[in-house]
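So the structure is just underneath, and the comments pick up after that.
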Amino acid sequence: MAKLINVDVAIIGAGTGGMYALREVRRAKKSFVLIDAGPLGTTCARVGCMPSKVALHIAEFWHSQKEFARYGISGAEHLRLDGAAAWQALREQRDQFANSAAGSAKKGAGEHLMMGRARFLEPTLLAVEQASGTQHVRAKAVIIANGSRPVMPAFLEPFSEHCITTDEFFEMQDLPKSIGILGLGAIGLEMGLALARLGVEVHGADMAHTVAGISDPKVSEVALAEFAKEIHLYLGAPAALASAEQGVLLKAGDKQVQVDKVLVALGRRPNTDQLNLAEAGFELDERGQPLFDVHTLQVGSHPVFIVGDVNGYRPLMHEAAAEGAMAGYNAVQSAPVSFRRKTALAIAFTNPDVISVGKRFDELDENKVLIGTASSQANGRSRVLTDREGVLRIYADKVSGTVLGASMVGVRAEHVAQLLALAIERGDTAHDLLQIPFYHPVVEEMIPSALQDIARHIPDSAGLPFGLAVVE
Ligand SMILES: Cc1cc2nc3c(=O)[nH]c(=O)nc-3n(C[C@H](O)[C@H](O)[C@H](O)COP(=O)(O)OP(=O)(O)OC[C@H]3O[C@@H](n4cnc5c(N)ncnc54)[C@H](O)[C@@H]3O)c2cc1C
Ligand SMILES: NC(=O)c1ccc[n+]([C@@H]2O[C@H](COP(=O)([O-])OP(=O)(O)OC[C@H]3O[C@@H](n4cnc5c(N)ncnc54)[C@H](O)[C@@H]3O)[C@@H](O)[C@H]2O)c1
């Protein structure tokens, strides 16, 4: 018979969401188990944020030689890239991140870490399949934090020997000569550009008419023009594969091209399907996802909370961390607290980076907003760093001037994103934000340039020059 363990809180998944939840449960000095099917180390550190950023960094290093001649540096023709060694170095750096995350899970949970796959029998009763047999866990509250996995549609099955996902991408023993990328969301675009900069011929396809989910048409136009210089883009038609004598054929619309390998980057699927939710009595939507409240993270009226990629709400690392903390806190309260959600923030590290902060263009009523624009070509720092085009568009309320959101493609846009996230969190208007000092020359100077477009349509009651205030 399965052994029964009784605890205050059971956490399923020792990824980012689960670990932040654990911190709160431990802070409240409650009993717990942390259950993970393995491998430990978090998606972010093992196969996500961190190895992908190392790949982009290596690629940037190698690619910088393209500018050598312009600055009088000669000899670039003697440089050689050992792709296998580059990917090995990537793995070594990745392992440091992943081992450190795995170590935190082992240390944080100690003897309460259960390595095994969990599924629900009832909303507060779990079965955990372990090497030693099945254990049952009865918990006063359960936190679901078991992440997501890459989508691999059935139509790709006949081509599985040529297809990889990010679960295998960082394990490549050498770089391919050519690659097809299915899906140009953040993963497809970041990894496609990294490979292109390392000399791989990259063909990227997406059924959307844009990349990285950009919703602002002006930003999209600049981004597509820039990225088309490095990746052959096939947009606006679902992609398919077909057999070829060598490699595989990537087909998109009426175009087709032969490639050695295909990176499937068509999104990630929440791991809810592994949890036996319907049978255990949870109400599910048409996609099989449990109904939950985004402010409490509570699932229905059960003492169950769902965080991180598995809830599908904002599948990003910092959101998994924040949600983990919310759920960990709520799991030990008599009634859950409704937390304010932070400003939406997304950055693709594509250099020029693609960012989205606050409200997206497609969420706004064009008649109710003012849009301020700044070009990288008019920004001194951007021009020193690159000759690539870039554009920032800031959206503000037409009446109050409150900054609502922004979209940008441009060099070092990551810093612009962080600053604008702060402004939106504070509820700043264009006039407020113009009051902070902007050093010269920084890329962030694009912010006041764009804001002036907005401020000039919203008279400041004091009638002072933009950005100035009188001593009180
Ligand atoms: C290539 C790539 C690049 C990315 N880059 C970024 C980036 O730059 N910035 C960013 O913010 N986000 C990025 N992300 C997204 C980010 O990695 C995820 O949003 C985040 O890691 C999700 O954390 P999580 O805690 O929800 O899940 P995870 O870290 O995946 O944790 C889930 C845990 O649950 C365990 N598990 C699964 N099923 C079970 C089960 N049945 N029972 C027990 N345990 C189970 C798993 O072993 C795992 O340890 C990237 C993702 C990818 C793939
Ligand atoms: N820098 C970052 O923050 C970062 C980096 C990488 C990944 N991530 C996160 O990881 C998650 C997964 O990323 P992703 O890029 O795989 O997912 P995604 O959902 O962002 O992109 C998938 C893309 O595939 C396209 N697509 C779907 N089916 C298609 C088909 N049949 N043919 C052609 N195109 C098709 C979609 O239009 C979409 O653009 C996302 O949540 C993302 O935010 C974040």
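Whatever order the structure lists them in is the order used to number ligands and atoms, beginning at 1.
- Every atom of ligand 1 with a heavy atom of Lys53 under 4.0 Å away is listed here by number and element: 5 (N), 7 (C), 8 (O).
- Residue-ligand proximity, Gly116 to ligand 1, at heavy-atom distances under 4.0 Å covers atoms 42 (N), 43 (C).
- What sits closest to atom 2 (C) of ligand 1 on the protein, heavy atoms only, is Gly48 CA, 3.3 Å.
- Shown in contact with Leu316 at under 4.0 Å from a heavy atom are these atoms of ligand 2, numbered in order with element: 3 (O), 43 (O), 44 (C).
- Proximity of Ala145 to ligand 1, defined as any heavy-atom pair under 4.0 Å, is confined to the backbone N, CA, C and O atoms.
- With hydrogens and angles left out, the side-chain atoms of Glu168 and Thr165 include a donor and acceptor closer than 3.5 Å.
- In summary, the atoms of ligand 2 found under 4.0 Å from a heavy atom of Pro238, numbered by their order in the structure, are 32 (N).
- Backbone and side-chain nitrogen or oxygen atoms of Gly18 are examined, and none is located within less than 3.5 angstrom of a nitrogen or oxygen of ligand 1.
- Within the set Asp309, Val307, Leu34, Asp273, the minimum heavy-atom distance to atom 20 (C) of ligand 1 is found for Asp309.
- Of the protein's non-hydrogen atoms, Gly267 CA, 3.8 Å is the one closest to atom 19 (O) of ligand 2.
- Considering backbone and side-chain N/O of Asn271, none are found under 3.5 Å from N/O of ligand 1.
- Counting heavy atoms under 4.0 Å from ligand 1, residue Cys49 touches it through both backbone and side chain.
- Side-chain contact, Ser148 with Asn271: no donor N or O sits under 3.5 Å from an acceptor N or O.
- Taking distance alone, with nitrogen or oxygen atoms compared against 3.5 Å, Glu190 stays at or beyond that limit from ligand 1.
- Considering backbone and side-chain N/O of Ala37, one or more are found under 3.5 Å from N/O of ligand 1.
- When the heavy atoms of Asp36, Thr166, Val310 are ranked by distance to atom 33 (C) of ligand 1, first place goes to Asp36.
- Relative ring orientation between Phe170 and Trp87 is described as parallel, the plane-to-plane angle staying below 30° on a 0-90° scale split at 30° and 60°.
- Atoms of ligand 1 lying under 4.0 Å from any heavy atom of Ile12, numbered from 1 in the order shown and given with element: 42 (N), 43 (C).
- Residue contacts with ligand 2: Arg268 is placed with no nitrogen or oxygen under 3.5 Å of a nitrogen or oxygen of the ligand (distance criterion only).
- Between the side chains of Arg138 and Thr124, a donor-acceptor pair is found at a separation under 3.5 Å.
- Of the N and O atoms on the side chains of Gln289 and Asn311, not one donor lies less than 3.5 Å from an acceptor on the other residue.
- The aromatic rings of Phe120 and Phe282 sit perpendicular, their planes meeting at an angle over 60°, well past the 30° parallel limit.
- The structure places CG of Leu277 at 5.5 Å from CD1 of Ile144, a figure rounded to the nearest 0.5 Å.
- Closest to atom 29 (O) of ligand 1 by heavy atom, among Thr272, Leu316, Thr43, is Thr43.
- For Gln135 and Gln130, the side-chain atoms include at least one donor-acceptor pair closer than 3.5 Å.
- In terms of N/O distances under 3.5 Å, ligand 1 is not approached by Val47.
- Closest heavy-atom approach to atom 34 (N) of ligand 2 within the set Glu319, Glu190, Arg269, Met207: this belongs to Met207.
- Checked against a 3.5 angstrom limit, the closest N/O atoms of Pro315 and ligand 2 fall inside it.
- For the 3.5 Å distance criterion, the side chains of Thr343 and Glu425 qualify, holding a donor opposite an acceptor.
- Side chains of Glu92 and Gln96: no donor on one and acceptor on the other come within 3.5 Å.
- Scanning Met317, Arg117, Met19, Arg268 for the heavy atom closest to atom 11 (O) of ligand 1 points to Met317.
- In terms of polar-atom proximity, Phe349 is not counted as a contact of ligand 2, lacking any N or O under 3.5 Å from an N or O of the ligand.
- Of all the atoms in ligand 1, the ones that sit under 4.0 Å from a non-hydrogen atom of Gly17 are 25 (O).
- Geometrically, ligand 2 and Ala186 share a nitrogen or oxygen pair separated by less than 3.5 Å.
- Close approach of ligand 2 to Ile347 is summarised as follows: ligand atoms under 4.0 Å from at least one heavy atom of the residue are 1 (N), 2 (C), 3 (O).
- Listed by atom number, the atoms of ligand 1 under 4.0 Å from Cys44 heavy atoms are 17 (O), 21 (O).
- Near Gly185, the atoms of ligand 2 lying under 4.0 angstrom from a non-hydrogen atom of the residue are 15 (O), 20 (O), 21 (O), 23 (C), 39 (O).
- Closest approach of Ile347 to Glu190, counting heavy atoms only: O-OE2, 4.3 Å.
- Here's the thing with Ala118: one of its N/O atoms is less than 3.5 angstrom from an N/O atom of ligand 1.
- For ligand 1 and Gln274, the ligand atoms under 4.0 Å from any heavy atom of the residue are 38 (N), 41 (N).
- Going from atom CG of Leu56 over to atom CE of Met191 covers 4.0 Å, rounded to the nearest 0.5 Å.
- Rounded to the nearest 0.5 angstrom, Leu249 CG and Gln258 CD are separated by 7.0 Å.
- For the pair Arg197 and Glu230, the salt-bridge criterion is met [side-chain N within less than 4.0 Å of a carboxylate O].
- Here the side chains of Glu444 and His415 are in contact, with some heavy-atom distance below 4.5 Å.
- Those atoms of ligand 1 that come under 4.0 Å of a heavy atom in Ile35, given as number and element, are 43 (C), 44 (N).
- Below 3.5 Å of separation, one finds an N or O of Ala239 facing an N or O of ligand 2.
- For Ala265, the closest heavy-atom approach to ligand 2 falls below 4.0 Å.
- Between Ile187 and ligand 2, a contact under 3.5 Å exists for at least one N or O pair.
- Residues Arg117 and Gln274 have side chains that bring a donor and an acceptor to within less than 3.5 angstrom of each other.
- The distance criterion of under 3.5 Å between nitrogen or oxygen atoms is met by Pro315 with respect to ligand 1.
- In this structure, His112 has its ring center under 6.0 Å from that of Phe32.
- Heavy-atom distances between Asp206 and ligand 2 reach below 4.0 Å in at least one pair.
- Proximity of Arg46 to Pro51: side-chain heavy atoms (C-beta onward) are nowhere separated by under 4.5 Å.
- In terms of protein heavy-atom proximity, atom 35 (C) of ligand 2 is closest to Leu266 CD2, 3.4 Å.
- At the top of the distance list for atom 24 (O) of ligand 2, counting protein heavy atoms only, stands Gly183 CA, 3.4 Å.
- For ligand 1, the atoms closer than 4.0 angstrom to any heavy atom of Thr16 are 25 (O), 29 (O).
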What do the steps show when you test Asp206 against Tyr234 for side-chain hydrogen bond (donor to acceptor under 3.5 Å, both in side chains), and what is the final call?
CA-CA 6 Å; Asp206 200 299; Tyr234 308 83; over 6 Å; no

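- The closest side-chain donor-acceptor pair between Ser407 and Asp216, if any, does not fall under 3.5 angstrom.
- At the top of the distance list for atom 36 (N) of ligand 1, counting protein heavy atoms only, stands Asn146 CB, 3.7 Å.
- Rounded to the nearest 0.5 angstrom, Asp309 CG and Asn146 CG are separated by 10.0 Å.
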